[in-house]
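Note that ligands are numbered from 1 as they come in the structure, with each ligand's atoms numbered from 1 the same way. No hydrogens, no waters, no symmetry mates; every other heavy atom, side chains included, goes into these values.
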Amino acid sequence: MTDSFDRPAILGGEPLFPQGSPDWPGAWDEVARSVQRSLSDGSWGKYCGPNHERLESRLCEFFQVEHVILCASGTAAVELALRGAKVGSGDQVLLAGYDFKANFQNILTVGATPILSDVQTADCQLDVSQIMAGASDKSRAVIASHLHGGLVDLPRLMAWAESRGLTVIEDACQCPGAMLAGRRAGTIGDVGVLSFGGSKLLSAGRGGAVLTNRPEIAQRIRLHTQRGNEAYPLSELQAAALLPQLDCLDDFNQQRLHTVNELRDQLPRGLSLLASKNDDTPAFYKVGLLYDPAEFSGLSRDAFSNALRAEGIAIDAGFRALHLIHSRRRFETLGPLPHSERADTEMLVLHHPVLRASGDFTTRFVAAVERIRLTASEIHSSGASRRC
Ligand SMILES: *Cc1c(COP(=O)(O)O)cnc(C)c1O
């Protein structure tokens, strides 16, 4: 028996993070001032005002990219990227078997067929070698999503895709500001996408953007969004809220990376980080962790994450693998998808706000994991985790 001080919160102990996860984006002075200016100068009520324009040029500058098209969401941005790449009926689009569900659905929306590739064993990112070996004459585009702090090998994918005439759509919704091979993630592919959704690192509650250096792609997207008026708009107020956030992004990403590196050094057994320590600079919207139930007396991944949530830690299961949640008639695969399936059952994602919180996150996180490990059988048989 452990003493009551060490009992996991799910079994009645004191939670290690009694305040829970910090609010995000929460009250933010610079954002409030920027929005207040827009309210005061009347731009808030315009179709097209200075904030929208300013945000576009500020994003061009920050990402070092020629064209930015602001839009209503990251999901809309992926659809626009597909349309900009002229993907349509009869085409095939390659993507990972473990990816954001809306990316799969967007391929169907433009009339094309999703072709699923597996992800890599260690970091669960798109397996570029399998894409290169499996593409066919019908393949028109690849969606490459950087997920949970990992980075897809975009330079390698691009070199190959260019020689084959395929368009690469780089989904940087989870890593705005990340650096990959000396460039910002989202600008290495032919067309990149960002999300400004309510939980994301740059947030306006909703919103998104398409980035590209290819004038013909930008032109096709603008034609599609302009139907006498904007069909996928981002408002002046959203743009006003986003502008000051870009000034903080690199600093905040640095702070988040610092915490993740600390966590890596003290990572409890049974958890492994997707993000590797390498020359690139990742960004963390979610921190992906693979969970091994064998190290926790067989406690299931979902019972484990319930127990961590009871401690006040914002952690959840990752995505479902796409082939497990869609009818076989909707997609094809390049082969078996064992690593996507493993990600489906073993992935945990830690939400980013806690990475910038004051106080020693890593020590308390490790303490939470260890008290759960010690009582894993009890948690399992109590059924406590199922009540959440
Ligand atoms: C959040 C997200 C999107 C789309 O975002 P929305 O703005 O919520 O539509 C796309 N891809 C990935 C990988 C995401 O995490």
Asp190 and Thr212: side chain donor to acceptor below 3.5 Å: no
Gly74 N/O to ligand 1 N/O under 3.5 Å: yes
Steps toward salt bridge (charged side-chain N to carboxylate O under 4.0 Å, His left out) verdict (Asp292, Arg269): CA-CA 9 Å; Asp292 179 4; Arg269 125 184 97 72; over 6 Å; no
Short N or O distance, Tyr285 and ligand 1, threshold 3.5 Å exclusive: no
Main-chain N/O of Phe252 paired to Gln254 side chain as donor or acceptor, under 3.5 Å: no
Sub-4.0 Å heavy-atom contact, Lys286 with ligand 1: no
Residue portion contacting ligand 1 (non-hydrogen atoms closer than 4.0 Å) for Asp171: side chain
Phe296 and Tyr291 aromatic centres sub-6.0 Å: yes
Contact partition for Arg206 relative to ligand 1, non-hydrogen atoms under 4.0 Å: neither
Distance-only polar pair, side chains of Ser117 and Asp127, donor-acceptor under 3.5 Å: no
Close-contact set for ligand 1 against Ser73 heavy atoms, below 4.0 Å: 7 (O), 9 (O)
Ligand 1 contact on Val78 by region, counting heavy-atom pairs under 4.0 Å: neither
Nearest protein heavy atom with distance in Å, relative to atom 3 (C) of ligand 1: Phe100 CE2, 3.2 Å
Numbered atoms of ligand 1 (with element) below 4.0 Å of Lys200, judged on heavy atoms: 1 (C), 2 (C), 3 (C), 5 (O), 14 (C), 15 (O)
Aromatic contact, His326 with Phe331 (centres under 6.0 Å): no
Within-cut-off N or O pair, Asp99 and ligand 1, under 3.5 Å: no
Centroid-centroid under 6.0 Å between Phe319 and His148 rings: yes
Of the listed options Ser195, Ala102, Ala77, closest to atom 8 (O) of ligand 1 (non-hydrogen atoms): Ser195
Same apolar cluster: Val210 and Val87, side chain cutoff 4.5 Å: yes
Salt bridge present between Asp316 and Lys286 (N-O < 4.0 angstrom): no
Proximal atoms of ligand 1 relative to Leu147 (non-hydrogen, under 4.0 Å): 13 (C)
Side chain, backbone, both or neither: Cys173 near ligand 1, heavy atoms under 4.0 Å: side chain
Atom indices of ligand 1 within 4.0 angstrom of Thr75 heavy atoms, with elements: 4 (C), 5 (O), 6 (P), 9 (O)
